[in-house]
Every structure is written in C-alpha cells, then in structure tokens.
Amino acid sequence: MTIDERDDAPPAIPEVTQEAIEARAFRVAVAAFVIAVAGGLSAAWGYWSDEDRVLGVGLGVALLGIGFGMVSWSKYLDLDENVVQQRERLRTTVEERDDFAEEIKLTKETVGRRKLLTVLFAGSLASLAVGFIGPIGSLGPKPQGERQRTGWGEGTRLVTSNGQPIPASSQIFDQLATVFPEGSIGVDDGQVVLLRVQPGLLTERTIERGAIEGWVAYSKICTHAGCSVGLFGIDDRKPDTLRQLVCPCHQSVFDPVDSARPIGGPAPRSLPQLALAIDDEGFLVSQSDFDRVVGPISWTEGET
Amino acid sequence: MSDETMSPETAPETEATPAGDGAPEPVFKEDRTLVERYVNNVTGRLGAGAWLTKTLRKVFPSHFSFLWGELALYSFVILVLTGVYLTLFFAGSQDTLTYTGSYAPLQGQEVTSAFNSVMRISFEVKGGLLIRQMHHWAALVFMGAIALHMARIYFTGAYRRPRDLNWYVGLTLLVLALAAGFTGYSLPDDLLSGTGLRITYAIILTIPFIGERLAYLIFGGEWPGTEIIGRLYPVHILIIPGLIVALLALHLGMVWHQKHTQFRGPGRTEDNVVGERVWPSFALKSIGLFFLVAGMITMMGALFTINPIWLYGPYDVGAATSYSQPDWYIGFLEGSLRLMPPWETQIGPIVINNIFYSGVVVSAIIFGGLYTVPYLDRRFTGDRDEHNLLDRPRDAPTRTAIGVACITAVSILFIGGAQDIIAKTFDIAVGRVTTILQISFLVGPPLSFFIARRVCISLRDRPGPRRTERESPVIRTSTGGYEFLEPIDSDGVPVDQRSTSNGNGAGNGAGNGHDAGHVSTDSSGSPREVAEP
C-alpha cells in the first residue's frame, strides 16, 4: 500500500484521489485504535487510583476509539458496494393455501370430531383461568373506605412534622405550615396546610366551613393529581393583594381566603377544608374529619 | 450460474454445490483450517450447510435514516449490560432505615432501602455512579432513537404491507420501552420519582368502575403503601426486558426475513434489494456504530450528572418540588396533565375526572392512533399492495402532513410539561403560558398540516437534482452466489471503466465511478478472483 502524500499539496485544487482517501482512513484507524488502547489503560488506572472521572472518560475514549477505528477501517477498505439481491416471494401461493386448508379439514375430521370433548377442553381451560383470578386479588386489599377516612377527628390536635402543637395565639400571618393530625405524623392522607390571615379577608363560606380567628386549614393533597400543594405566594401588585396556594407539579392554583376554590390550572375542585377549633390549652384542633375525600376523586366520588 | 468465491481463504473445492441438483455430498478431509473445522464440527452436524455463508452475504440497503433502529438496538444492549450491574447492588424494598452513607447532607435521615442502595451505588461503589448515569443516559437515547426510527418508518411509508405486521411489533416495543423507562425512573424512591408514582396512582384511581380496586391491586392498598418499589423492581428488570427481548427478536427476525426496504434509485425495484453485504461492509460499520454509541453514552455518564437523587432527597409524602419535570419521554403526558382545562364530567353516577382525560384518554388516543396507522392508510388510500420501495416524505403529502400535525400536537404537550420553566425564563405568568399553549394545541396541528402539505406538494412537483444512488454491478443469485453485471451509470448506460473520483461526485452518483472497482479488488487492493458466470 503506497501512501499518497497529497495532503501536503496546496489546497487550491481540492482534487482528492481514492488512494489519498484510503490512506487517510488508514492513518485515522491506526490513530483511533492506539487512542482506544490508551483510553482503556487510563480507565484501569482511574479505577485503581479512585479517579472516577478518569475511569469514565477513559472507558468512553476506548469505546469511541474502537468505533472510529472500525468505521475508518471500513473506509480504508473502501467497502461501499452496490450488491443486488432478489427478494423472495412473500405472498402465499394457491398450492400453499390449499395445503393449509387440507390441514384444517384434517383437524376438523379428527380432533374436531367430538364436539363435546372440544367444548369440555375449552371449558376446563377457562375454569383454570377463573381459578387463578383469586391469587391476583391478593395483590391488594379490597377498598373499604380507607380513602374516605383520615387521621383527623373531633379534637385532634394539629401538630408539625416534629410533633409541635400550634398555639392559636401565634401571631405569624401569611406563612404556610404543613401539619399532621397528632399521632399520625407523616401519614399521607392527613397532611394539611395551615395558614393564618387577617380574619377580615376570609370569605363567609370559608368561615362557615371552619376557619377560626383567621386560621384556615386545607388538605395538602392536590385535587388534581395528588401532589402536595406546597407553595404559597402573595401577589401584592395593585389593585388587590392576591394570596395563592400553588401545586408545584401541574401549577393548579387555589384561593386560600375563599375555601381554597380552584382559580387556575387543571384542578377541577377546591381543596377540602379542615374545620378548626381551639382546645382548652389554646392549641388548634380539628372539629371533625374532612367532609369529603381528599386528593383526586375516583369515579364514584362526584356528589359534593 | 455458478457461485463466486468471496474470500481467497475459501478453497473453491470446498464450496458446497447448490442443493437439489443431485450432486454427491462432498467429503472433507480432517483438516485444521478454520473452514474445515467449521464445516466438520458445526455445519456438518447441524445440516446448516450454506446458512452462515448466506447470512454473511445478505444484502442491506444503506441510508442514514436506517441508522435509528440500530441506534435503539445498541442503546438497549447498553441498558441491559449496565442494568445487570446495577441489579447486583439495588435493593427493591421500602423498609426504612437511617442513612449513614458518605453523603453528609442526608446523614441521619430516614430513607428507604431502595433509596439507600441507590445512594450507595452513587457514592460508595467505585464506578457505580458512572454505570448508573450511563444506564439513565442510555434510556434517554433509547427512547429518542425509537422515536426517530418510528418517524422514519412513518414518513417513508415503510409500515405498509408486508411490514404492517412489524409496525405493530415495533409500536408495542415503544410502549414497553416507555414502561421500562417509567418503572426504572421510579425505583430510586427519591422525591421526584415518588411524586411521579403518586400521580400515576391518582390517574389509575380515576378509571371508571375499576379504578380504585386496580390502584389498590397495583400499590398493595392505599397510597403510598410499602409494596410498590418491590413490585416495580421485578417488572423493570425481568418482565419488561424479557418482553422487549422477545419482541425485539421477532422485530429483527421479520426485518431479516422480509428484507429491508430501500429508497428508489437506478436498479432498485420492488423485487430486489440493492446495498451492501452483511460481511464485511455492513457489519464493520454497524459494529463500529455500536462502539460509537457506547462511547458517547459512557462519556455522557462520566461527564454529565443525571438524576441526582441526593439533591432531590428521599420521597416524603408532604413534599413536592417546583420544576419537577419527568424524563423527556414522559413529557407529553406531563404536559397533557398541565394543559388540560379543569374539566370534570358527571354521567349519571359516574364522574370522569380531569386526569382521566389528560392521563388515560390522551394516551389512548396517541397510541390507539399509532396502532391504526396501517389500517387507516389502507382504508383511505385503498392501497393493499406490497411496498418494498420507500416513499420520500414529499411523495405522500397527506400522510406527511398528518404526521407533522401529530408531531406538532405532541410537541406542544411536551412544551406544556415545562410550562413553569418557560414562565420563569421569560417572566410571564404561568397561567398565560398555559393559555397560549392551549390555543397553540388547537391551532398548531391544523396549521402545520396545511403548511407541510403545501411544502410537500411544491417539492414533489419541482424537478429535483439527479438521484444520487450509485450503479449496481453485482447481482446476488438465488443460491447465494453473485453475478457481475456491466456497471451502469444512473442513466442506465454501461460504463466500462473505472473513472477517478475527483471529489465532486458527492451530489451525483455517476461521479463515483470507482464502484466498479469494488467488486474487482479485495481489501489488499489486489484483483480478486472472480468466477466467470
């Protein structure tokens, strides 16, 4: 193989012979394989000397080197070719069809002769399938209203995730807290967002549904797809101050001063409101469980 | 016709004669050459005769767009290899323990075994993070390659008879790949993946009649339960990959048996395949491609962080983060959830919840639509013929326009999945971005349909440049041999000598006249022995 050194020629006339292309490809292939070897060895070195980057990059270089090497090799060999191959027939011939029809006829005359046996065989297989449905049912219990109940009840204290009850006299306004029913901290369906706003801001129905002294509590589970409604924002641009509860997943927006009705995004329903009271020691408690299911509803839960 | 001896190492006297002509079976001496050992030990025992030779000589047409499927295949290989490694460390359990690993910010936190094991892979196992990130990047490449491959099949009409059967197989592979991606992405039990599972639970819950029961069966009770990670694990590492391997074998087997489609060009007909032989031409390049893909994915795994679960932290029921986007291939569904207006429908006692529309109905429309593509094509074009020659997208303006419209719709959903990021980046209210995207979703597809159709029609009716395919000097015979024809140029005129390529032949097939040389030279550049027809 003679290597044509045309690369040194002035670039004015870009005339490249096939030989020059092949020679170049040969050189690239040699270089690529050499680099691949270096890459593999440096990967090994990287592993032993705890250099994770070197390990990864070394392996990458080794693999890329082999890849470039093989492609250049095939370029050097100049393997591009146009070979013609005839396709075989795919359509069924009349003879083949008739042969198969013969098989079906044979089946009907032999296996299919006794209808009773055929039916019983199919029936026994079906019963087997029915029999196996039982164990599938063990994968999960039958729903028995767990989703309708949460940890809240009459007089349940609202506690933070580290167990602190909330004194109703707290003067922190416009700040969101995540609370759980006392005794079920960290349980999904009991999570509630608690907020205190100036009592005058709350709408009539919000107060009716259990706001107390400006405290409002809503289920934290978005009625859209069940994410935690964890963002609270105040937009105080003129003319009005707007308070919003926002779900970070799909950007549903709820109005905390108006019983958390949905005011934007895909959520169709308001967040269930937790009716609040204040116990003898001055801590916030719930009056009862939520009056409806929290989170997204299933197909039977549309009445409220 | 006689068979041509393809390799100088193959002694002509050992070449099997074409079957069925009554010739006595040749007797081979016990010889230590590779050929003799292969013939004596393998084909002679399996009756495989010409099988390997035929396989090596199979012809594949080449075109850059045929590469996507290979890319998908190779990223799957990488997924399996890296996945097996990860399996050796991963714990598919939601038992809680206190994190005591080397990542300081999480020390002392209650985490699940699953999360803990992924943290261990990322921080304690030497090279573990590399393999984990390679696995994740390979999954993203895998889905991208599948999407491009499917687009290529659609826009060239390759899904038509006889390959409509393989369209269904390929589409099922896409669905399985999505399932593999989603289950895998959920396994680390970090905050993002937990949020994804929570949404999935909600979507299942809203399915009429069976929703609640089904959600309980899958999750082992009310959300979050303690079962789901342990269940997703075998699904992710055994059931789905098993199905993918089985269907992939079927997919490739059908491509092999039906032979690949090809674009139109001189010498190319519905009845032949013009291209390069598997060995050495196609195989060398394709195996090279495998290493290139593996190298790129390794580089990405080594240099670019992906899914940093240590930043997200373990799943916590009371938490969710802003800018929580899933992996890109779930983006359309995320966008569908975000862009759907707050609809809820009451039909008698049944409530159809908002996320049933955006989660179930939208997916059903997308995948149902894809499954009916071959049927709809037959129904509306009345074309039931076999097609081995591909259309250029412009050759079928309506088909192309429908494809473009669908891609537009899905892309708008995809963008919708990141509507909060767009709002932040451009400082627009999220609600406004949503509204703009909702309107685009209605207007975009018809508009892009119209534009794409017009463009196709103008392109189709315009006299284009000369076709760039090369001439075809070799014909493969039905017995696996080759016949050499007079090389012809693209006008069908024989060219009887090799012209020097001068670098300007790229746009014109006739310029690459050295083709004729390919069949007469072997790798060492010396003339190859050619049996006369």
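Bear in mind that the values here come from a model prediction, so they are computed numbers and not experimental data. Throughout, a chain's letter reflects where its sequence line sits, starting with A, and its residues are numbered from 1.
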Candidate pair A:C227 and B:I199, rule side chain to side chain contact (heavy atoms under 4.5 Å, CB included), full reasoning: CA-CA 7 Å; A:C227 293; B:I199 297 166; 3.8 Å; yes
At a heavy-atom separation under 4.5 Å, does [X] approach chain B through its side chain, its backbone, both, or neither?
{"X": "A:P266", "answer": "both"}
{"X": "A:K220", "answer": "side chain"}
{"X": "A:V61", "answer": "both"}
{"X": "A:R91", "answer": "both"}

Tell me, out of [options], who's got the most heavy-atom pairs with chain A below 4.5 Å.
{"options": "B:L129, B:I355, B:L130, B:V293", "result": "B:I355"}
{"options": "B:I297, B:L289, B:I350, B:D316", "result": "B:I350"}
{"options": "B:V317, B:T298, B:D420", "result": "B:V317"}

Pairs touching residues 270-289 of chain B that satisfy ring pair (Phe, Tyr, Trp, His ring centres under 6.0 Å), sequence neighbours left out: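 Passing the test, one end in residues 270-289 of chain B: B:F60-B:F282.
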Option that, when pairs with chain B are counted at under 4.5 Å, heavy atom only, ranks first among A:D189, A:L63, A:L90: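 Result: the option with the highest number of such pairs is A:L63.
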Would you give me the side-chain donor-acceptor pairs under 3.5 Å for residues 200-225 of chain B, sequence neighbours excluded?
residue: B:T200; atom: OG1; partner: B:G196; partner atom: O; Å: 2.7
residue: B:Y201; atom: OH; partner: B:W223; partner atom: N; Å: 3.3
residue: B:T206; atom: OG1; partner: B:I203; partner atom: O; Å: 2.7
residue: B:E212; atom: OE2; partner: A:R147; partner atom: NH1; Å: 2.9
residue: B:R213; atom: NH1; partner: A:G140; partner atom: O; Å: 3.3
residue: B:R213; atom: NH1; partner: A:P141; partner atom: O; Å: 3.1
residue: B:Y216; atom: OH; partner: A:E146; partner atom: OE1; Å: 3.0
residue: B:W223; atom: NE1; partner: B:Y315; partner atom: OH; Å: 3.4

Minimum heavy-atom distance between A:M70 and B:F291, given as atom pair plus value: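 Looks like SD-CD1, 3.9 Å.
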Spacing of B:I352 atom CD1 and A:I297 atom CD1 [to the nearest 0.5 Å]: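 Between B:I352 CD1 and A:I297 CD1, I get 10.0 Å after rounding to 0.5 Å.
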